Amino acid sequence: MRVVVAMTGATGAVLGIGVLEALARLGVETHLVLSEWARATIKLETDVSVGEVRALATHAYGARDLAAAISSGSFRTDGMVVCPCSMKTLSAIRIGFSDNLITRAADVTLKERRRLVLVTREAPLSEIHLENMQYLARAGAVIFPPTVAYYARPRSVQEVTDYVVGRVIDQLGIEHSLINRWKDDRRLGVHGDAGLAVVRATK
């Protein structure tokens, strides 16, 4: 399997790094593109060097390298993840403004009807952001804000990160056992502890 992974300058560099690490463990061939500001965010938010992040991928390209293989639809891939995805990149993908390798590769992914997962990072969202997301969702992209699943009772930021990474990989249709999934025996009625907690919280 072959997947394009792009990282932009939005906060959440650990998510993109986590996706690369997980795909490597799963034996997936990855093609990485880092934007200029992704490099800056990696340095700001993590203790990992840009070189170490690039080394996690099977192949890595500069964002200005529009001659790279992934800029052509004839280069077969199984999908693309932009993680994290800034609102600037989101808007460029929406209008087909392929001014760098990230937006060009995303444009190719959409036109070839391949999976495109956009891990959008912004809060709160403006009407412009929401309109761009809705447009791309209708065009076939998966809009994936990295939200927390509290039913898993995460005890650390790392557990939250791991859950988001696992769910992102789900969107690519890749089988894995990276996360604890919902099971029927976790379901509680309104008389269970979870129901009581909600009642107390609303008083």
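All figures in this text were calculated on a predicted structure; none of them were measured in a lab.
- P146 approaches V119 most closely through the heavy-atom pair CD-CG1, 4.0 Å.
- A 6.0 Å sphere centred on CG of L130 holds more than 12 heavy atoms belonging to other residues, nucleotides or ligands.
- L56 and L178 fall within a single hydrophobic cluster, where Ile, Leu, Val, Met, Phe, Trp and Tyr side chains are chained together by heavy-atom contacts under 4.5 Å.
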With a 3.5 Å cut-off and sequence neighbours excluded, list the donor-acceptor pairs that the side chains of residues 4-19 form with protein atoms.
{"from": "T8", "atom 1": "OG1", "to": "P84", "atom 2": "O", "distance (Å)": "2.8"}
{"from": "T8", "atom 1": "OG1", "to": "S86", "atom 2": "N", "distance (Å)": "3.0"}
{"from": "T11", "atom 1": "OG1", "to": "E45", "atom 2": "OE2", "distance (Å)": "2.4"}

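- Identified under the salt bridge (charged side-chain N to carboxylate O under 4.0 Å, His left out) test for residues 8-27, with sequence neighbours left out: none.
- With hydrogens and angles ignored, the 3.5 Å screen pairs no side-chain donor or acceptor of S71 with any backbone N or O of A67.
- Cluster membership for V142 and M1, using ILVMFWY side-chain heavy atoms within less than 4.5 angstrom, is shared.
- Among residue pairs with one or both ends in residues 81-97, those qualifying as salt bridge (charged side-chain N to carboxylate O under 4.0 Å, His left out) are R94-E131; sequence neighbours excluded.
- Here the shortest heavy-atom pairing between S91 and N132 reads CB-ND2, 3.6 Å.
- With sequence neighbours left out, the ring-ring contact (aromatic ring centres under 6.0 Å, His included) criterion links H59 to H31.
- Remark: side-chain polar atoms of T30 are paired, donor with acceptor, to backbone N or O of T58 under 3.5 angstrom.
- The list of salt bridge (charged side-chain N to carboxylate O under 4.0 Å, His left out) pairs with a residue in residues 95-123, not counting sequence neighbours, reads R104-D107.
- With hydrogens and angles disregarded, a donor-acceptor distance shorter than 3.5 Å links the side chain of T46 to the backbone of I42.
- S156 pairs by the side-chain hydrogen bond (donor to acceptor under 3.5 Å, both in side chains) definition with nothing, not counting sequence neighbours.
- With sequence neighbours excluded, the residues forming a side-chain hydrogen bond (donor to acceptor under 3.5 Å, both in side chains) with S74 are S72, listed by chain and number.
- Nearest heavy atom pair, residue V28 against residue V3, reads CG1-CG2, 3.8 Å.
- Taking all atoms of both residues into account, the shortest heavy-atom contact from P154 to V160 is CB-CG2, 3.7 Å.
- Residues in residues 48-71 take part in no salt bridge (charged side-chain N to carboxylate O under 4.0 Å, His left out) pair, two or more places apart or across chains.
- One distance of note links CD1 of I102 with CD1 of I93; it measures 8.5 Å at 0.5 Å rounding.
- Sequence neighbours left out, not one pair with a member in residues 78-107 passes ring pair (Phe, Tyr, Trp, His ring centres under 6.0 Å).
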Please tabulate, one pair per line, all N/O donor-acceptor pairs under 3.5 Å involving side-chain atoms of residues 165-174, not counting sequence neighbours.
{"from": "R167", "atom 1": "NH1", "to": "D170", "atom 2": "OD2", "distance (Å)": "2.9"}
{"from": "D170", "atom 1": "OD1", "to": "H176", "atom 2": "NE2", "distance (Å)": "2.7"}
{"from": "D170", "atom 1": "OD1", "to": "R181", "atom 2": "NH2", "distance (Å)": "2.9"}
{"from": "D170", "atom 1": "OD2", "to": "R181", "atom 2": "NH1", "distance (Å)": "3.0"}
{"from": "Q171", "atom 1": "NE2", "to": "R167", "atom 2": "O", "distance (Å)": "3.1"}

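- One distance of note links CD1 of I143 with SG of C85; it measures 7.5 Å at 0.5 Å rounding.
- L20 and L26 fall within the same hydrophobic cluster, defined by Ile, Leu, Val, Met, Phe, Trp and Tyr side-chain heavy atoms under 4.5 Å apart, directly or through other members.
- Counting only heavy atoms from C-beta outward, the side chains of V117 and V82 never approach each other to under 4.5 Å.
- Residue N100 comes nearest to A63 through the heavy atom pair CB-O, 3.3 Å, listed as atom of the first residue, atom of the second, then distance.
- For A55, there are no side-chain contact (heavy atoms from CB on, under 4.5 Å) partners at least two apart in sequence or on another chain.
- Note that OH of Y151 is 3.0 Å distant from OH of Y163, once rounded to the nearest 0.5 Å.
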- From CA spacing to verdict: side-chain contact (heavy atoms from CB on, under 4.5 Å), T109, I70: CA-CA 9 Å; T109 302; I70 59 174; over 6 Å; no
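- Residues meeting the side-chain hydrogen bond (donor to acceptor under 3.5 Å, both in side chains) test with R2, sequence neighbours left out: E29.
- For the atom pair NE2 (H129) and CD (Q134), the distance works out to 15.0 Å, reported to the nearest 0.5 Å.
- When hydrophobic clusters are built by joining Ile, Leu, Val, Met, Phe, Trp and Tyr residues whose side-chain heavy atoms come closer than 4.5 Å, directly or via intermediates, V48 is grouped together with L32.
- Y135 OH: 12 or fewer foreign heavy atoms inside a 6.0 Å radius.
- If you take CZ on F144 and OG1 on T120, they are separated by 9.5 Å, rounding to the nearest 0.5 Å.
- Using a 4.5 Å cut-off between side-chain heavy atoms of Ile, Leu, Val, Met, Phe, Trp and Tyr, with links allowed through other members, L101 and V81 fall into different hydrophobic clusters.
- When all heavy atoms of L110 and A141 are compared, the pair lying nearest together is CD2-N, 4.1 Å.
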